Protein chains: 2
Amino acid sequence: MAKNDCRTKLMEIGTRLFAERGLHGVSIRELSQEAGASISMISYYFGGKEGLYSAVLQEQFACFDQIEEIRKQGAEPLDVIEGYIRWTLQRHRNNPYLLRFYTSELTNPTLWFHTIVQPAIEKIIRILIDVLDDGIRRQQFRKELHTGNAALALAGMANYFFLSTLATENLVSHSAENDEELIRQYAAIFTQGILASPP
Amino acid sequence: MAKNDCRTKLMEIGTRLFAERGLHGVSIRELSQEAGASISMISYYFGGKEGLYSAVLQEQFACFDQIEEIRKQGAEPLDVIEGYIRWTLQRHRNNPYLLRFYTSELTNPTLWFHTIVQPAIEKIIRILIDVLDDGIRRQQFRKELHTGNAALALAGMANYFFLSTLATENLVSHSAENDEELIRQYAAIFTQGILASPP
DNA sequence: ACGCTTCAATCGAACGTTTGTTATAAAAAA
DNA sequence: TTTTTTATAACAAACGTTCGATTGAAGCGT
């Protein structure tokens, strides 16, 4: 095998298996076998099974570093809200495993929750709260709005759509074709729900 | 020990431990020790570790059987929506473990997902879709509304508020004191977001 | 009230696997 | 030569399950 192919392959298979069955649901024997590498490479590169898991976790949540991008350009609160929904949907389309780690860590936190997961989620929620505060300052949104609760509501709408896929695919289409329409609908529901001066 | 105390205790501890660490994260030795019972009682009563897990799962999702109650009485769509939010919040307050199984099964489904979890979630989403369709028929809600997507949005708002607790408690209060206000806010955001004839 | 049987409930030890890790030596690649 | 990878074996620890023994209450004929 070529140089460092082994490390890459272990990360790849580790991502899939840990996402599918969690840290305790996968053995390093099965993992290394599927990766076509030998068992000892896990200790060699990552210092053990947990080291590999933490490396995978770090890689998965790295995409939250670029979240600030949804704020630039126009920076109109309404645009940012739609931008967040689009960003969230595309993020899950590009990497269907992330949500597994996301919710798994929220409900069964491991050692790395506070260093990797919590900062990432806090960062994005903080941005949403900022944007909503901004919208209130511009008198676009209702001034009684509790921006913390509203931010969680927005994040919940976008994430739960994917989270529920396995249980609701018989009832609602989760195909990527409808994503643009979904973005418009969710943006409409949320922004109309918080607009100032309702009739 | 009194008759069947053992069984009850095993269910009780099993619920807590499986919720906290998942099926694979708990050993029957630790479980039985915490329950003050001997290891063999798990096989005796439940046929094994997985049998205990499935019994716990069944018990956890039993509360979805009474979901129809939010439809009776007034049956005004707007009331049912608020009723759903309240029911969801109270459900999580009364049993903080349910959400762990709920999301754990959605992202790492076990053998019993299709027999226990999926039917429960489908049932409730179906009711929400029904109610939204009803509201459109009464011309209360926008007739362009995609009721499937909207139902998931509502469920997402209510559930994600709890799901995110561990990561967002520094930013947003999750105290039960504010529940009634939260219900009003979420009901307002959602219903105003789907109302007919926006200004 | 008595002795006897029955049976569900419980226990702790033992079994065979599988776990994650480590050590070793050799092969392959750079 | 140095780094990377392989294969293999060994290890103690932990795993889920099973087995035989023990307990104690209930049922029953006398």
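Both backbone and side-chain heavy atoms feed into the values below; hydrogens, waters and symmetry mates do not. Just so it is clear: chains get the letters A, B, ... in the order the sequence lines come, proteins before strands, and each one is counted from 1. It should be emphasised that the depicted structure is a prediction, and the values quoted were computed from it without experimental measurement.
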Exercise for the section: Taking only Lys NZ, Arg NE, NH1 and NH2, and the carboxylate oxygens of Asp or Glu, determine whether A:E30 and A:R21 approach each other closer than 4.0 Å. Expected result: yes
Handout entry: Presence of salt bridge, B:R16 and B:E20, under 4.0 angstrom
Key = yes
Exercise for the section: Look at the rings of A:F18 and A:Y53 and say which category their plane angle falls in: under 30° parallel, 30 to 60° tilted, over 60° perpendicular. Expected result: perpendicular
Practice task
Measure from CE on B:M41 to P on C:dA8 and round the result to the nearest Å.
Solution key: 13 Å
Practice task
Would you mind reading off the distance between A:L31 atom CG and C:dT19 atom P, rounded to a whole angstrom?
Solution key: 12 Å
Problem - Sidechain N-carboxylate O distance under 4.0 Å for B:R184, B:E82 - result: no
Practice task
Output yes when at least one side-chain N/O atom of B:Y44 is less than 4.0 Å from OP1 or OP2 of C:dT10, else no.
Solution key: no
Handout entry: Rounded interatomic separation in angstrom, taking CG from A:L52 and P from C:dT19
Key = 16 Å
Practice task
Could you check which residues of residues 18-28 of chain B get a heavy atom under 4.0 Å from DNA chain D? Sort them by number, please.
Solution key: B:V26, B:S27, B:I28
Problem - Short N-O contact, B:K9 and B:E34, less than 4.0 angstrom - result: no
Exercise for the section: Measure up the B:F64 and B:W87 rings against each other and bin them: parallel (under 30°), tilted (30 to 60°), perpendicular (over 60°). Expected result: perpendicular
Handout entry: SB check B:D130 B:R126 (cutoff 4.0 Å)
Key = no
Exercise for the section: Could you tell me the separation between the CD atom of B:Q33 and the P atom of D:dC15, rounded to a whole number of Å? Expected result: 11 Å
Below 3.5 Å is the cut-off: list the nitrogen or oxygen pairs between protein and nucleotides 12-16 of chain C, distance only.
residue: C:dG12; atom: O6; partner: B:S40; partner atom: OG; Å: 2.6

Problem - Euclidean distance, atom CD of residue A:E50 to atom C1' of C:dT21 [Å, nearest integer] - result: 12 Å
Got a list of side-chain donor-acceptor pairs under 3.5 Å for residues 168-176 of chain A, not counting sequence neighbours?
residue: A:T168; atom: OG1; partner: A:S164; partner atom: O; Å: 3.0
residue: A:T168; atom: OG1; partner: A:S164; partner atom: OG; Å: 3.3
residue: A:T168; atom: OG1; partner: A:H174; partner atom: NE2; Å: 3.4
residue: A:N170; atom: ND2; partner: B:E122; partner atom: OE2; Å: 2.9
residue: A:S173; atom: OG; partner: A:S175; partner atom: N; Å: 3.3
residue: A:S173; atom: OG; partner: A:N178; partner atom: ND2; Å: 3.0
residue: A:H174; atom: ND1; partner: A:V172; partner atom: O; Å: 2.9
residue: A:H174; atom: NE2; partner: A:F161; partner atom: O; Å: 3.2
residue: A:S175; atom: OG; partner: A:E177; partner atom: N; Å: 3.0

Handout entry: Protein-nucleotide distance (A:I42, atom CD1; C:dT21, atom C1'), rounded to Å
Key = 11 Å
Practice task
Using whole Å, report how far CZ of B:R7 lies from C1' of C:dA9.
Solution key: 13 Å
